[in-house]
Amino acid sequence: MSSQSWRVGEKEHEYLKAVLENGFPGSSSVSFTGRLEKLFAEKFDSKYAISFANGTATLHAALAAAGVGAGDEVIVPPLTMSSTSFAVLHCGAIPVFADIDPETFLMSAKSVKERVTQKTKAIMPVALYGLCPDMDAINAIAKKHKLAVIEDDAQCFLGKYKGKVAGTLGDMASFSFQNSKHLTCGEGGMVTTSNLDYAEFIRRFSSLGYGNVSAAPGKSKINKSDIVNPNFARHVSLGYNYRLSELCSAFLFAQLERLEMFVEWRKKCAAGFAEAVKGVSWLKPQKTPPECENSYWAYAVKLDTPDVKWVDFYDKFMELGGDGFYGAWRLTYTEPYFSKIIPDKHAHCPVAEVTQPYLMQFKTNYGSEADIKRQAETLQKTIRHFDK
Ligand SMILES: Cc1ncc(COP(=O)(O)O)c(C=O)c1O
């Protein structure tokens with residue numbers, strides 16, 4: 001049994017079986033996709049939730065809905081998975097990198113303000129590791145300059161900012177269901193918004209520009225009566241086939257029913273690691289400001305001493321029986337492809353540059369007290385080794 005099998009319950013099997021037994025009858029069947037979107041919208045306090053094949057396509061669609069196109073600029077953080085910036089490029093626009101806050105590791109509103117130009121069209125804050133950035137400050141900048149705000153909440157499920165759930169803080173928000181996320185179906189994504197125009201655009205964008213789809217739950221396909229008509233005109237705009245499959249929706253619906261439980265386990269794991277690093281002056285965990293609730297996709301810690309190398313810490317953690325941790329992604333603008341195309345003036349984030357190499361991302365997807373205890377104790381032993 002793999003250590004991740006706890007994430008798959010009886011309902012996942014039951015709903016998948018229902019899809020298989022139904023035999024993919026066509027577009028008019030009652031769908032798990034519809035049930036999934038309805039429940040997601042409810043749980044994330046949004047009027048609309050539109051499912052996607054992944055959490056990169058979601059960003060592409062949300063940016064397109066905001067009218068982002070060739071030559072526009074979109075402000076993004078450099079410390080994130082590169083999909084955030086790829087989606088900007090998919091629209092023909094230019095990612096402009098704002099620096100991060102040294103304590104929260106999140107895009108700093110002060111830096112965002114400095115990056116706004118006549119060409120800026122949108123801001124895409126990332127709720128990195130499960131923590132929302134300072135959204136009031138970011139929204140104020142957006143309002144002043146008439147910019148769209150798209151939350152990249154791929155890593156943030158039920159994280160909160162001033163009591164509001166992530167997904168309701170900007171104009172639109174994007175979630176991912178890739179393997180490592182709080183909820184998964186292998187690959188998948190969701191956009192939330194409470195704006196009908198955005199929602200209708202996003203649905204059409206994800207569904208090959210079909211004219212008769214809608215933002216309503218599951219309404220991503222053409223009716224049977226229309227399909228059979230040889231004169232039926234389908235495509236009213238440019239679209240992609242970004243839809244989530246019914247099998248993935250069924251699996252994900254079962255996961256979504258247990259969302260709160262998955263988030264609680266993440267928080268318990270984080271609490272175990274937090275206890276282990278408490279009082280250690282040379283380890284700086286991601287700071288969660290009092291107005292935020294971190295949903296802990298990962299427990300991130302900065303190694304803040306010249307005396308211990310990242311790789312030595314990693315090796316010792318493994319040697320002592322740890323389950324491993326991840327380094328942070330290279331800053332997006334330093335990735336080979338991006339460094340070729342991003343002008344130097346858009347790629348200078350000194351705080352991110354002295355933070356990224358020293359970050360350790362501890363996994364929080366353990367589903368037993370014993371596993372959590374083991375990882376936290378191993379971290380403690382590793383710390384003691386270097387503290388000597
Ligand atoms: C912050 C962030 N944005 C976007 C994505 C892209 O999501 P996906 O892998 O579902 O395309 C991910 C993760 O995978 C992510 O962590």
Side-chain angles (χ1 to χ4, degrees), residues 36 40 49-64 68 74-91 95 97-98 100 104-107 122-133 135 138 149-159 166-167 169-170 172-192 202 205-206 240-245 248-249 251-252 255-256 266 286 294-300 325-333 335 337-338 352 355-356 359 361-365:
L36 172 75
F40 201 94
I50 297 180
S51 58
F52 275 75
N54 57 67
T56 307
T58 45
L59 295 170
H60 183 195
L63 286 163
V68 172
V74 178
I75 301 175
V76 294
L79 181 65
T80 173
M81 193 255 183
S82 295
S83 285
T84 313
S85 302
F86 265 125
V88 176
L89 296 177
H90 294 161
C91 291
F97 296 91
I100 62 167
T104 62
F105 314 143
L106 304 172
M107 189 162 79
I123 308 173
M124 202 143 62
V126 176
L128 194 73
Y129 306 132
L131 180 65
C132 297
M135 293 304 290
I138 289 171
V149 175
I150 297 159
E151 301 167 57
D152 183 347
D153 291 331
Q155 302 175 4
C156 189
F157 288 75
L158 301 189
L169 305 166
M172 292 165 263
S174 161
F175 295 86
S176 162
F177 307 121
Q178 169 271 346
N179 298 359
S180 71
K181 303 302 191 292
H182 292 71
L183 302 182
T184 190
C185 56
E187 300 280 0
M190 190 75 78
V191 177
T192 55
I202 287 166
F205 193 83
S206 75
Y240 295 75
N241 188 354
Y242 277 166
R243 290 169 297 199
L244 188 67
S245 83
C248 285
S249 293
F251 191 93
L252 203 55
Q255 295 258 297
L256 183 60
R266 299 266 175 174
Q286 180 183 36
N294 196 327
S295 66
Y296 290 110
W297 170 72
Y299 188 77
F325 55 80
Y326 291 84
W329 316 261
R330 283 178 68 121
L331 299 184
T332 305
Y333 60 74
E335 289 288 348
Y337 174 65
F338 286 89
T355 303
Q356 179 273 338
L359 286 177
Q361 298 174 188
F362 289 90
K363 294 186 263 181
T364 54
N365 53 359

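All ligand and atom numbering here is 1-based and tracks the order in the structure. Both backbone and side-chain heavy atoms feed into the values below; hydrogens, waters and symmetry mates do not.
Contact of the Pro133 side chain with the Ile138 side chain is registered, since non-hydrogen atoms from C-beta on lie closer than 4.5 Å. Phe86 has its side chain within reach of Tyr337: a pair of non-hydrogen atoms, C-beta onward, lies under 4.5 Å apart.
The side chain to side chain contact (heavy atoms under 4.5 Å, CB included) check on Thr56 picks up Asn54, Ser83, His90, with sequence neighbours excluded. In this view, Lys181 satisfies the salt bridge (charged side-chain N to carboxylate O under 4.0 Å, His left out) rule with no residue, not counting sequence neighbours. Taking Cys248 as the reference, Cys185, Leu244, Ser245 meet the side chain to side chain contact (heavy atoms under 4.5 Å, CB included) condition, with sequence neighbours excluded.
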Short N or O contacts of ligand 1 with protein, under 3.5 Å, listed by atom name?
| unit_1 | atom_1 | unit_2 | atom_2 | d |
| --- | --- | --- | --- | --- |
| ligand 1 | 3 (N) | Asp152 | OD1 | 3.2 |
| ligand 1 | 3 (N) | Asp152 | OD2 | 2.7 |
| ligand 1 | 7 (O) | Ser176 | OG | 3.4 |
| ligand 1 | 10 (O) | Gly55 | N | 2.7 |
| ligand 1 | 10 (O) | Ser176 | OG | 2.7 |
| ligand 1 | 11 (O) | Gly55 | N | 3.2 |
| ligand 1 | 11 (O) | Thr56 | N | 3.0 |
| ligand 1 | 11 (O) | Thr56 | OG1 | 2.5 |
| ligand 1 | 14 (O) | Lys181 | NZ | 2.8 |
| ligand 1 | 16 (O) | Gln155 | NE2 | 2.9 |

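Aromatic ring centres of His182 and Phe175: separated by at least 6.0 Å.
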